[in-house]
Amino acid sequence: MFQTESYQGSKEKNYPIVVKQLEALIQDEPDTIANLSNASALLNQFLDNVNWVGFYIWREDELVLGPFQGLPACVRIKSGKGVCGTAVSEQKTQLVADVHQFPGHIACDAASQSEIVVPIQRNGEIYGVLDIDSPNKDRFDEIDQKYLEQFVAVLERYL
């Protein structure tokens, strides 16, 4: 049974714990939707100052809303559109300090001020993205990027 964790100390100390918790949660479960659901819940519980944590899954030629924690969200996003679509088209993490300065930002939640989006691959192809929004500008940094990319690398092994 999972219990709410009270994380103490620095992000550098706590992120590896969360990555290990993810692996423990998903290693024996073959269902991708269940695993993505638990992954979004785990991150939502771990991260402070976030208002949306979830996944978009690549279907045919667009991202489609997947498991998430937060307010209702945009359902479909084309490649190259907004922060999520840019992560897909560029195949790299998008770390956005101020979403209002990002060309073509898609405002699903007006409270969102900053965002990080990490692409997810399966068998060398785009599978989707991990998308995290914050109501605070400059919420995410290179440390978040490093460990969220590690978090996604664990997910990729179980897709």
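In this chain, numbering begins with 1 at the start of the sequence shown.
In this structure the side chain of Glu156 reaches within 4.5 angstrom of the side chain of Val152, judged on heavy atoms. Residues Val96 and Val117 have side chains not in contact (no heavy-atom distance under 4.5 Å, counting atoms from C-beta outward). A heavy-atom distance below 4.5 Å is not found between the side chains of Leu159 and Asn123. Using a 4.5 Å heavy-atom threshold, the side chains of Cys84 and Glu115 count as touching. Side-chain contact check for Tyr56 versus Val88: every heavy-atom pair is 4.5 Å or farther apart. Side-chain contact between Asp131 and Phe55: absent, with no pair of heavy atoms (C-beta onward) separated by less than 4.5 Å. Leu43 has its side chain within reach of Leu148: a pair of non-hydrogen atoms, C-beta onward, lies under 4.5 Å apart. Looking at Trp52 and Asp109, their side chains never come closer than 4.5 Å, going by heavy atoms from C-beta outward.
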Check your understanding: Does the side-chain contact (heavy atoms from CB on, under 4.5 Å) test come out yes or no for Phe140 and Gln145, once each step is laid out?
Key -> CA-CA 7 Å; Phe140 306 104; Gln145 180 175 341; over 6 Å; no
Practice item. Could you go through the side chain to side chain donor-acceptor pair (under 3.5 Å) check for Ser112 and Asn51 one step at a time? Key: CA-CA 7 Å; Ser112 294; Asn51 58 324; 3.2 Å; yes
Point to revise | Audit row: Asp141, Lys11, side-chain contact (heavy atoms from CB on, under 4.5 Å) steps and yes/no | key: CA-CA 11 Å; Asp141 60 20; Lys11 288 194 288 190; 2.8 Å; yes
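When every heavy atom of Ile120 is checked against every heavy atom of Ile126, the shortest pair comes out as O-CD1, 3.4 Å. For the residue pair Pro30 and Asn35, the shortest heavy atom distance occurs at C-ND2, 4.5 Å. Of all heavy-atom pairs spanning Gly85 and Ile77, the tightest one is N-CG2, 4.0 Å. Minimum heavy-atom separation, Tyr147 to Glu12: OH-O, 3.8 Å. Closest approach of Val129 and Pro119 over heavy atoms only: CG1-CA, 4.0 Å.
With Thr93 contributing its side chain and Val118 its backbone, the two residues share no donor-acceptor pair below 3.5 Å. Checked by atom type and distance alone, the side chain of Ser134 never pairs as donor or acceptor with a backbone atom of Ser114 at under 3.5 Å.
For the residue pair Gln121 / Gln91, a side-chain donor-acceptor distance below 3.5 Å is found, with atom types taken as modelled.
Relative orientation of the Phe46 and Tyr15 rings is perpendicular, given thresholds of 30° and 60° on the angle between their planes.
Glu125 pairs by the side-chain hydrogen bond (donor to acceptor under 3.5 Å, both in side chains) definition with nothing, not counting sequence neighbours.
For Arg139 and Asp133, the salt-bridge test fails: no basic side-chain N is under 4.0 Å from an acidic carboxylate O. Glu62 and Lys81 are not joined by a salt bridge, as no carboxylate oxygen comes within less than 4.0 angstrom of a charged side-chain nitrogen.
A continuous path of ILVMFWY side-chain contacts below 4.5 Å connects Leu155 to Leu130, so both sit in one hydrophobic cluster.
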